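These numbers come from a predicted model, not from an experiment. Counting starts at 1 for both ligands and their atoms, following the listed order. For the single chain, residues carry numbers from 1 onward in sequence order.
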Amino acid sequence: MSEKLTITRPDDWHVHLRDGDMLKAVAPFTARQFGRALIMPNLDPPVRTVEQAMAYRGAILETVPDGTPFDPKMSLFLTDDTSEDEVRAAARCEHVLGFKWYPAGATTNSATGVTRASHIMGTLECMAENGVVLQIHGEVTDSHVDIFDREALFIEQVLVPIHREIPELRLVLEHITTTEGVDFVRDSNRNIAATITPQHLLYSRNEIFKGGIRPHLYCLPVLKRESHRLSVLQAAVSGNPSFFLGTDSAPHPRNHKESACGCAGIFSACTAIEFYAEIFEGMEHLDRLEDFSSHFGADFYGVDRSSQKAVLDKKPQEIPPSIECGHISLTPLMAGESLSWTFAGTR
Ligand code: DOR
Ligand code: ZN
């Protein structure tokens, strides 16, 4: 009999499910593995209010196959104009778990994001008072700043001052990619956490240019040099509860990636938990996978850990070179490669 790993059913604390046909195509992959997921609001137009988020949540639930328990949690798109009433409404809604701060222009559909930290200080204070969590895309957007320095500069110039001014604000530095990100989270108080993606654990920036340009490894924040990858890897397997799973699975149709100006985003939802199992096993810390994937995020967000289990088999699988959903073609992370673990279901 093959080796099995049974863990508390995991949660994905950062995922893009999109809308329309793309939502129908990708949501079942996330719902199959994860009991809950925090759904990013960067639709066009963005999901800014509790009312819009509840409508979006309804649309997501319609795409989930019958009999698959899945609880989408929502993050609202923060703008310079987000009102304190909206913050209080979010605090009262059990399905909304925070606001996402995209610096304006930082990434996909973020043009109407926050233009300056000073414009939202009142809103952040209101969030702190009401116990609402802030999810942050932590990159400065000034065009003169080198793309590889954007996270470190955001931490130094924006995040450290905010944390000093409002230490009770609970925040998640999303998809961390740098030693500076790891150090900031590890050395801060328990109000600060970070999510970690599979791609930032698996690859350094060299991989984007291996033998030619590889658009399916382009995401934001962009992959960094090897020393940063190793810092993030050590943080993930460290057992520190401030670091937990968030795939940042961000699907774009293949022709939008394989283009003269390709979109940022990596689609990893179809074999998400297997990527992490492989990585933790490679680090000889498979015993710490469950805390990272299924406990620490729930604890940070103050929701119950899942009462369900997920089972993985030590059974090799091939990741398909392409996933076809109607007219949409998606290229998953590690397309055409093999994994040694296979998700076997929940119970
Ligand atoms: O690579 C990314 N893709 N990074 C983000 O921050 C957004 C995401 C998307 O929505 O496509
Ligand atoms: Zn994202």
side-chain contact (heavy atoms from CB on, under 4.5 Å) evaluation trace for C270 with I323: CA-CA 9 Å; C270 46; I323 294 174; 3.5 Å; yes
From CA spacing to verdict: side-chain contact (heavy atoms from CB on, under 4.5 Å), I196, F292: CA-CA 10 Å; I196 301 182; F292 175 84; 4.0 Å; yes
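In this structure, R32 forms no cation-pi arrangement with F343, as its terminal cationic atom is not both closer than 6.0 Å to the ring centre and no more than 45° off the ring axis. Seen from the ring of F148, R225 does not count as a face-on cation partner, given the 6.0 Å and 45° thresholds.
Within D248, the N/O/S atom positioned nearest the Zn ion (ligand 2) carries the name OD1.
Among all protein heavy atoms, the one lying closest to atom 3 (N) of ligand 1 is A264 O, 3.0 Å. In terms of protein heavy-atom proximity, atom 9 (C) of ligand 1 is nearest to T108 OG1, 3.2 Å. When only non-hydrogen protein atoms are considered, atom 7 (C) of ligand 1 lies nearest to T107 OG1, 3.1 Å.
Using a 4.0 Å cutoff on heavy atoms, E174 does not count as a contact of ligand 1.
Put simply, E174 stays out of reach of the Zn ion (ligand 2), with no N, O or S atom under 2.8 Å from it. The Zn ion (ligand 2) has no N, O or S atom of H137 under 2.8 Å away, backbone or side chain. Put simply, H175 stays out of reach of the Zn ion (ligand 2), with no N, O or S atom under 2.8 Å from it.
The pair E281-K314 meets the salt-bridge criterion, with a side-chain N (NZ, NE, NH1 or NH2) lying under 4.0 Å from an Asp/Glu carboxylate O. K73 and D12 are not joined by a salt bridge, as no carboxylate oxygen comes within less than 4.0 angstrom of a charged side-chain nitrogen.
Set against the non-hydrogen atoms of L220, the atoms of ligand 1 under 4.0 Å away are 1 (O), 2 (C), 4 (N), 5 (C), 6 (O). Which parts of ligand 1 touch A250 is read off a 4.0 Å heavy-atom cut-off, strictly below it: atoms 3 (N), 8 (C), 9 (C), 11 (O).
For the residue pair T115/D80, the side-chain donor-acceptor check at 3.5 Å is satisfied.
With a 6.0 Å radius and a threshold of 12 heavy atoms from other residues, nucleotides or ligands, Q317 has its CD atom above the threshold.
When only interatomic distances are considered, the shortest N/O to N/O separation between C219 and ligand 1 does not fall below 3.5 Å. For ligand 1, none of its N or O atoms has an N or O atom of Y218 under 3.5 Å away. Checked by distance only, ligand 1 and R18 come closer than 3.5 Å through their nitrogen or oxygen atoms.
Aromatic rings from W341 and F280 are positioned such that their centres are separated by 6.0 Å or more.
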